[in-house]
Amino acid sequence: MASPIKIKFKKNPISRLQKRKTTATQTKKTVSKSSGRIRVDWHQYFMNIASEVATRSTCDRKHVGAVIVRDKTILSTGYNGSVRGLPHCDDAGHMMEDNHCVATIHAESNAIIQAARNGVRLEGADIYVTASPCWNCFKMLANAGVKNIYYGEFYRDDRIFNAAKKLKMYVSEIKLEKN
């Protein structure tokens, strides 16, 4: 006859979860009491992943990564790079117009495209991107149903802030951690 299994439950797990909730402007690291290790909050966690995604970028003018998330689940990722099957900017050089490389598809667009290719709905999702969206990417994000935009650094186009306010979208900066 097998011996009964004893299970120990930690007291009050709900209060532990509530302590972890923060807003993007209040991102913080917590230190685990038992191990002493640093644990980042969800916003910083997803921004760190976006930063890692940016390492796949194939346009050396700016490396940008994006992660689209809903309910703390990653739906899609994207980085800036050339059209599939065409040479990368890093290898073939840039196609410049008005001081922009037009050979590059932006990280946000690639994340939306990846979601579409995989049949993933983006309605109500959040995006974490290492640089704030350009105007065209912002319009695509809004039309795809993305509700919150978290960016690591401001990049060029401040029209997104007024448009986001009118659309009741939330846009916030989350500082990128230096490696």
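Between Tyr150 and Tyr128, the ring planes are parallel. Angles under 30° get that label, and only those over 60° would be called perpendicular. Between Tyr45 and Trp42, the ring planes are perpendicular. Angles over 60° get that label, and only those under 30° would be called parallel.
Minimum interatomic distance between Thr104 and Cys89 (heavy atoms only, all atoms of both residues): OG1-SG, 3.5 Å. Here the shortest heavy-atom pairing between Leu122 and Ala115 reads CD2-CB, 3.7 Å. Annotation for Ile68 and Ala125: closest pair CG2-CB, 3.7 Å, computed over non-hydrogen atoms. Across every non-hydrogen atom of Ile127 and Ala66, the tightest pair is CD1-CB, 4.0 Å. Smallest separation of non-hydrogen atoms from Lys62 and Ala131: CE-CB, 3.9 Å. Of all heavy-atom pairs spanning Ile174 and Gln44, the tightest one is CG2-OE1, 3.6 Å.
Between Ile105 and Asn80, every side-chain heavy-atom pair lies at or beyond the 4.5 Å cut-off. A heavy-atom distance below 4.5 Å is not found between the side chains of Thr55 and His63. The shortest side-chain heavy-atom distance between Met169 and Ile149 falls under the 4.5 Å cut-off.
Two different hydrophobic clusters hold Tyr155 and Val64 under the rule that ILVMFWY side chains link at heavy-atom gaps under 4.5 Å. Residues Val129 and Leu176 fall into different hydrophobic clusters, defined by Ile, Leu, Val, Met, Phe, Trp and Tyr side chains chained together at heavy-atom separations under 4.5 Å. Leu75 and Val146 fall within the same hydrophobic cluster, where Ile, Leu, Val, Met, Phe, Trp and Tyr residues are linked whenever their side-chain heavy atoms come under 4.5 Å apart, directly or through other members.
With 3.5 Å as the limit, one finds no donor-acceptor pair spanning the side chains of Asn48 and Glu52. Between the side chains of Asp90 and Thr58, not a single donor N or O lies within less than 3.5 Å of an accepting N or O.
Rounding to the nearest 0.5 Å gives a distance of 5.5 Å between CZ of Phe161 and OG of Ser132. In this structure, OG in Ser82 is found 6.5 Å from NE2 in His88, a value given to the nearest 0.5 Å. Rounding to the nearest 0.5 Å gives a distance of 11.5 Å between CG of Leu167 and CD1 of Ile160. Rounding to the nearest 0.5 Å places OH of Tyr151 at 4.5 Å from CD of Glu173. Considering CG of Asp91 and CG of Leu86, their distance stands at 12.0 Å, rounded to 0.5 Å.
A donor-acceptor pair under 3.5 Å is absent between the side-chain atoms of Thr130 and the main chain of Ala50, judged by distance alone. Not a single donor-acceptor pair under 3.5 Å links the side chain of Thr77 to the backbone N or O of Val67. Judged by distance alone, the side chain of Asn118 and the main-chain N or O of Val120 form no donor-acceptor pair under 3.5 Å. Between the Asn148 side chain and the Val171 main chain, no donor and acceptor come within less than 3.5 Å of each other. Side-chain atoms of Asn110 come within 3.5 Å of backbone N or O of Tyr79 as a donor-acceptor pair. No donor-acceptor pair under 3.5 Å is formed between the side chain of Asp126 and the backbone N or O of Val69.
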Given side-chain contact (heavy atoms from CB on, under 4.5 Å), test Arg70 with Arg121 step by step and report yes or no.
CA-CA 10 Å; Arg70 186 176 48 245; Arg121 183 179 62 84; 4.1 Å; yes
Set out, in order, the CA-CA distance, both residues' side-chain angles and the distance that settles side-chain contact (heavy atoms from CB on, under 4.5 Å) for His106 and Cys134, then state yes or no.
CA-CA 9 Å; His106 291 188; Cys134 71; 3.4 Å; yes
Determine, step by step, whether Met140 and Ser109 satisfy the side-chain contact (heavy atoms from CB on, under 4.5 Å) criterion, reporting the C-alpha distance in whole Å, the side-chain angles of both residues, the deciding distance to 0.1 Å, and the verdict.
CA-CA 7 Å; Met140 283 189 273; Ser109 297; 2.8 Å; yes
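Within 6.0 Å of CG in Asp158 there are more than 12 heavy atoms belonging to other residues, nucleotides or ligands.
Using a 4.0 Å cut-off between charged side-chain N and carboxylate O, Glu108 and Lys139 make no salt bridge.
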